[in-house]
Amino acid sequence: MARPIQALIHTQALRDNLAGVRQTSRDARLWAVVKADAYGHGIQRVFEGLRAADGFAVLDLQEAHILRDLDWRGPVLLLEGVFEQRDLELCSRLDLWHVVHHEVQIDMLSRHKTQLAQRVFLKMNTGMNRLGFAPARFRSAWVRLNALPQVDEISLMTHFAHADDAQGVDAQLQVFKDISHDLPGERSLANSAAVLRHGARPEVTADWVRPGIALYGSAPDHPLHDAAHWGLRPAMSLRSQVIATQDLKTGDAVGYGGVFKAPRDMRIAVVACGYADGYPRHAPTGTPVLIDGQPCTTVGRVSIDMLCVDLTPVPQAGIGAAATLWGQASTGEVLCIDEVAAAAGTVGYELMCALAPRVPVSVN
Ligand SMILES: *Cc1c(COP(=O)(O)O)cnc(C)c1O
């Protein structure tokens, strides 16, 4: 028998999540952000569920290629733009739109030989200090781009650092408006958190929204709100089974280092899932997991191929019992990836992106 672990991608959940985000975005068009191979889900696997998007936003040319190979004819946006001169040839050939966040990219464009002018998104650094032109240099960048025959339409964008927390988007939004108010072109500002938390303001959703994490069913502002609060459902379930049980006596230790010692006589399960599957090794004793759909918790250290679970809530569970590491159990109960991430001191993004290639994935 094959090792029982598997990941499932839920096409209908992707559709529903996209529809929900769209509803909050008013008339804005929607980039489905599928960088990092669709946050670990696989671009090919999510394509069907997300094809109602107006465009796909990707990291690099390889991801853009995958979308064109899937016969996606609509817009594709390179979120960090081109990395080298010859990338621009593929932008022409594959009809890709690209972000321009640095003078070096304008230099490349000015040297690019093409009949086809390209659509670009000029990025302003409004305070995150990662990518983008400083406000004081944004307008001169726009003027320079606008003078290039290689450039067609120029859209304006920025990215929020605090859309998911109490600081919010006001300060960055003000900078963006002050600098760009009289420039023509479409605007794109909002990631998932900005759409969900600040989407009531038309200036936030603007012309294009750029949700990523929400499409995959994770709350961008967990633990302030959970996915259910935002009406989101998991797009990925990581499921496995119990492959052994142990009856522990008080004081018996579990796993490497014996960091968990049974406080009383208890039964535990060994589940076929470890950090080589992408499960976080840092998940401590007490991390949530579903056994036969019932809420349980891990005990001891996560091993490379296994982890252990306290069976106290499900005394009848034995070998072959269903384990849901995150997502939806086959019986319908949900363990949100954000809860597992929080226990392990990280975010849902990292867990979904870390799903290991050895885990078989199917789409339903
Ligand atoms: C990743 C990314 C997004 C999507 O962010 P989420 O938090 O996943 O919604 C939007 N815009 C840019 C520029 C990004 O890099």
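Both counts, for ligands and for their atoms, begin at 1 and track the order of listing. This one's a predicted model, so the numbers in the text were calculated from it and none came from an experiment.
Looking only at heavy atoms of the protein, atom 7 (O) of ligand 1 is closest to Tyr349 OH, 2.6 Å. In terms of protein heavy atoms, atom 15 (O) of ligand 1 is closest to Lys35 NZ, 2.7 Å. The nearest heavy-atom contact from the protein to atom 12 (C) of ligand 1 is His159 CE1, 3.4 Å. Atom 9 (O) of ligand 1 has its closest protein heavy atom at Ser192 OG, 2.5 Å.
Ligand 1 is approached by Tyr39 to a heavy-atom distance shorter than 4.0 Å.
For the pairing with Val363, the side-chain contact (heavy atoms from CB on, under 4.5 Å) check across His41, Gln44, Arg45 returns one residue only, Arg45.
Taking every heavy atom of both residues into account, Val334 and Gln328 meet most closely at CG2-CG, 4.0 Å.
An N or O contact shorter than 3.5 Å links Gly212 to ligand 1 by distance. Geometrically, ligand 1 and Ile213 share a nitrogen or oxygen pair separated by less than 3.5 Å. Any N or O atom pair closer than 3.5 Å counts here, and Lys123 shares no such pair with ligand 1.
Of all the heavy atoms of Arg210, the ones lying under 4.0 Å from any atom of ligand 1 are found in both the backbone and the side chain.
Without hydrogens or angle criteria, Gln105 side chain to Glu80 main chain gives a donor-acceptor distance under 3.5 Å. Not one N or O on the side chain of Arg239 forms a donor-acceptor pair closer than 3.5 Å with the backbone of Leu8.
Val58 and Phe121 fall within the same hydrophobic cluster, defined by Ile, Leu, Val, Met, Phe, Trp and Tyr side-chain heavy atoms under 4.5 Å apart, directly or through other members. Side-chain heavy atoms closer than 4.5 Å link hydrophobic residues (I, L, V, M, F, W, Y) into clusters, and following such links, even through other members, never connects Val302 to Leu248.
Using a 4.0 Å cut-off between a side-chain N of Lys or Arg and a carboxylate O of Asp or Glu, Asp207 and Arg29 do not qualify as a salt bridge.
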